[in-house]
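Below: the structure, in structure tokens.
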Amino acid sequence: MAMTCRGILALPYANRLRLVAGASGGGNEIRWVHILEEPKYTAWLKGGELILLSGVVTGDREGALLSLLQDLFDREVAGVVLNLSTFLPAIPPSVLALGDRLGLPLFEMPAEVRMVDVSQSIAFAIFQQRQKTGQVEGALRDLLTGKRLSEKRLQRLAEVGLGGGRTFRAVLFRPGLPGTPLPVTPFYEEETEEAWLAQGAAYLRQVLDRLGDPGYLTVAGETILWLAEDPPGRPAALPQRLEAVTAALPQSAYFPALRVGVGAAFRDFRTCRASADQARQALAHPQRRGGPVTWYDDLVDRRLFQRGGTREELAAMAERLLGPLLKPEHQALLDTLICYLDHNGNAKATAQAMFLHPNTLHYRLRKIQSLLHRDLGQSEDFFQVMLGRKLYDFITKN
């Protein structure tokens with residue numbers, strides 16, 4: 001679980017702090033602790049810091065404090081600790097009001113508490129959490145790379161909370177639609193796409209943390225992998241969590257558009273990689289329901305084809321169903337048929353999509369039916385042609 005503003009109140013020394021404003025931001029993740037007195041140095045902040053402030057430069061001048069807090073909020077700090085001292089004997093009411101309005105957590109630190117004790121306590125907790133997160137990511141990478149699950153690795157999985165006969169699914173998040181370039185990271189120019197995805201994973205971890213999920217995450221290629229528990233006796237549990245997650249993610253700059261693929265359930269971690277591959281197939285498949293989530297379980301035709309024989313056997317089935325349309329000289333007819341099927345047999349929509357005159361389309365459809373000896377107005381023939389198209393897609397894309 002991420003270290004949050006609310007969570008630090010349980011740590012040694014930090015438990016002497018008092019949350020006095022901005023409680024709505026209590027779930028903000030703290031990525032580091034930083035002592036900052038000079039307002040001009042806020043430009044160095046990266047975002048996610050907990051700022052410790054004693055008022056050496058600003059004193060208790062309301063205008064200076066309000067300006068500094070607004071600047072810190074704009075730079076996306078997690079929260080601010082105001083150390084009561086001779087420089088800042090009390091927090092002005094207007095500062096508290098600003099914290100509440102912005103949702104920026106403001107903590108009051110008693111004068112006798114040392115900043116170094118609080119910062120060390122929080123930094124150590126963050127370090128421990130990152131170490132645990134690294135262990136989870138390492139365990140997931142082992143599973144995805146197909147390393148042999150020795151007793152040592154099984155023990156490692158158990159140590160990070162995986163195992164124990166529980167059921168999981170691989171869930172892949174793609175931050176943008178296929179082919180959509182990832183936005184430029186707002187931090188440093190040298191940060192790569194991988195770093196940007198890591199930031200997206202951190203945001204996803206915050207969302208899962210708010211839902212009480214342990215957040216077994218890692219970056220896998222151009223996607224983010226979440227190993228989600230799927231309790232067998234509660235079939236609605238994972239769909240409900242996914243609904244909550246997908247409702248929250250588009251609010252972040254890391255997920256301007258969202259696609260999610262869900263692999264098959266598994267208990268044996270030797271099949272984790274297969275579930276991840278299935279989630280990737282679901283991710284690339286056109287969505288059949290409303291919303292951004294595609295379940296591999298719903299791709300019944302693909303699952304049947306995968307089990308139905310060799311590629312050569314499936315190609316022979318497609319040849320049997322589509323026959324002459326697979327010849328190079330009939331490529332235009334094949335394209336027309338695919339478009340017609342994609343538009344559910346709607347001739348008007350097909351003609352518009354292909355920029356064809358209706359008469360031209362109807363000529364092509366008659367030609368297709370003649371070549372295939374099928375009547376597309378009959379449900380059985382329509383099904384057989386659609387099945388051939390599905391087989392054709394499967395063998396050409398796999």
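All values reported here derive from a predicted model rather than from experimental measurement.
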(message) Between D277 and Q281, do the side chains contain a donor N or O and an acceptor N or O under 3.5 Å apart?
(response) no

(request) Give a yes or no on this: more than 12 heavy atoms of other residues, nucleotides or ligands lie within 6.0 Å of atom CD of E243. (result) no

(request) Could you tell me which non-hydrogen atom of S54 sits nearest to which non-hydrogen atom of F87, and how far apart they are? (result) O-CB, 3.7 Å

(request) Output the distance between atom CG (L98) and atom CG (L104), rounded to the nearest 0.5 Å. (result) 7.5 Å

(request) Verify side-chain contact (heavy atoms from CB on, under 4.5 Å) between V81 and L106, making sure each step is shown before the conclusion. (result) CA-CA 6 Å; V81 176; L106 301 182; over 6 Å; no

(message) Using the rule given for side-chain contact (heavy atoms from CB on, under 4.5 Å), can you reason through L45 versus T42, listing the C-alpha separation, both sets of side-chain angles and the distance that settles it, and then say yes or no?
(response) CA-CA 5 Å; L45 298 175; T42 59; 4.3 Å; yes

(request) Kindly give the heavy-atom pair with the smallest separation between A14 and L9, and that separation in Å. (result) O-CD2, 4.0 Å

(request) Linking directly or through intermediates, with side-chain heavy atoms under 4.5 Å: list the remaining ILVMFWY members grouped with F127, chain and number order. (result) none

(message) Considering only residues two or more places apart or on different chains, which pairs with a residue in residues 332-352 satisfy salt bridge (charged side-chain N to carboxylate O under 4.0 Å, His left out)?
(response) D342-R389

(request) Give a yes or no on whether a salt bridge exists between R169 and D297, defined as a side-chain N under 4.0 angstrom from a carboxylate O. (result) yes

(message) Between T167 and E229, do the side chains contain a donor N or O and an acceptor N or O under 3.5 Å apart?
(response) no

(message) For the CG atom of L321 and the CD atom of E319, what is their distance to the nearest 0.5 Å?
(response) 10.0 Å

(message) Nearest 0.5 Å, please: how far is SG in C5 from CZ in F107?
(response) 4.5 Å

(message) To the nearest 0.5 Å, what is the distance between CE on M3 and CG on D209?
(response) 10.0 Å

(request) Could you tell me whether the side chain of D213 reaches within less than 4.5 Å of the side chain of R241, counting heavy atoms only? (result) yes

(request) Determine the minimum heavy-atom distance between G103 and S24, stating which atoms define it. (result) CA-OG, 3.3 Å

(request) Measure across A123 and W32 and return the closest heavy-atom pair with its distance rounded to 0.1 Å. (result) CB-CH2, 3.8 Å

(request) Check whether any side-chain heavy atom of T294 lies under 4.5 Å from a side-chain heavy atom of V262, and answer yes or no. (result) no

(message) To check you understand the geometry: which heavy-atom pair defines the closest contact between A248 and Y203, and what is its length?
(response) O-OH, 3.8 Å

(request) Using a strict cut-off of less than 4.0 Å between a Lys/Arg side-chain nitrogen and an Asp/Glu carboxylate oxygen, indicate whether E222 and R174 qualify as a salt bridge. (result) yes

(request) With the side chain counted from C-beta on, respond yes when V245 and L208 share a heavy-atom pair under 4.5 Å apart, and no when they do not. (result) yes

(message) Please give me the minimum heavy-atom distance between F73 and L102, naming the atom from each residue.
(response) CE1-O, 3.3 Å

Which atom pairs, donor and acceptor, lie under 3.5 Å between side-chain atoms of residues 353-364 and protein residues at least two apart or in another chain?
from : atom 1 : to   : atom 2 : distance (Å)
H357 : ND1    : N359 : N      : 3.0
R364 : NH1    : T336 : OG1    : 2.9

(request) Output, in order, the C-alpha distance, side-chain angles, deciding distance and verdict of side-chain contact (heavy atoms from CB on, under 4.5 Å) for W295 and V260. (result) CA-CA 8 Å; W295 294 71; V260 183; over 6 Å; no

(message) Between P105 and V80, is there a side-chain heavy-atom distance shorter than 4.5 Å?
(response) no

(request) Please list all pairs passing the side chain to side chain donor-acceptor pair (under 3.5 Å) test where one or both residues lie in residues 84-101, with sequence neighbours left out. (result) E62-S94

(request) Look at the aromatic rings of F269 and F168 and report parallel, tilted or perpendicular, splitting at 30° and 60°. (result) tilted

(message) A side-chain contact here means heavy atoms from C-beta on lying under 4.5 Å apart; do T246 and V293 qualify?
(response) yes

Review item, side-chain donor-acceptor pairs of residues 371-386, under 3.5 Å, at least two apart:
from : atom 1 : to   : atom 2 : distance (Å)
R374 : NH1    : D381 : OD1    : 3.4
D375 : OD1    : G377 : N      : 2.9
E380 : OE2    : Q384 : NE2    : 2.9
D381 : OD2    : D375 : N      : 2.9

(message) What I'd like to find out is whether the side chain of L50 reaches to under 4.5 Å of the side chain of E29, using heavy atoms alone.
(response) no

(message) Can a donor-acceptor pair be found, under 3.5 Å and without considering hydrogens, that links the side chain of S275 to the backbone of A264?
(response) yes

(message) Counting C-beta onward and ignoring hydrogens, is there a side-chain heavy-atom pair between L88 and V56 closer than 4.5 Å?
(response) no

(message) Within the 4.5 Å heavy-atom criterion, are L84 and I91 side-chain neighbours or not?
(response) yes

(message) Closer than 3.5 angstrom, by distance alone: can the side chain of S67 be matched with the main-chain N or O of A64 as a donor-acceptor pair?
(response) no

(message) Quick check for you: to the nearest 0.5 Å, what is the distance between L242 atom CG and Q240 atom CD?
(response) 10.5 Å

(message) What's the separation between atom CG in L53 and atom CG in L72, rounded to the nearest 0.5 Å?
(response) 8.0 Å

(request) Answer yes or no: does atom CZ of R114 have more than 12 heavy-atom neighbours from other residues, nucleotides or ligands under 6.0 Å? (result) no

(request) Only pairs at least two apart or in different chains count here, so list each salt bridge (charged side-chain N to carboxylate O under 4.0 Å, His left out) that has a residue in residues 4-26. (result) R16-E112, R18-E108

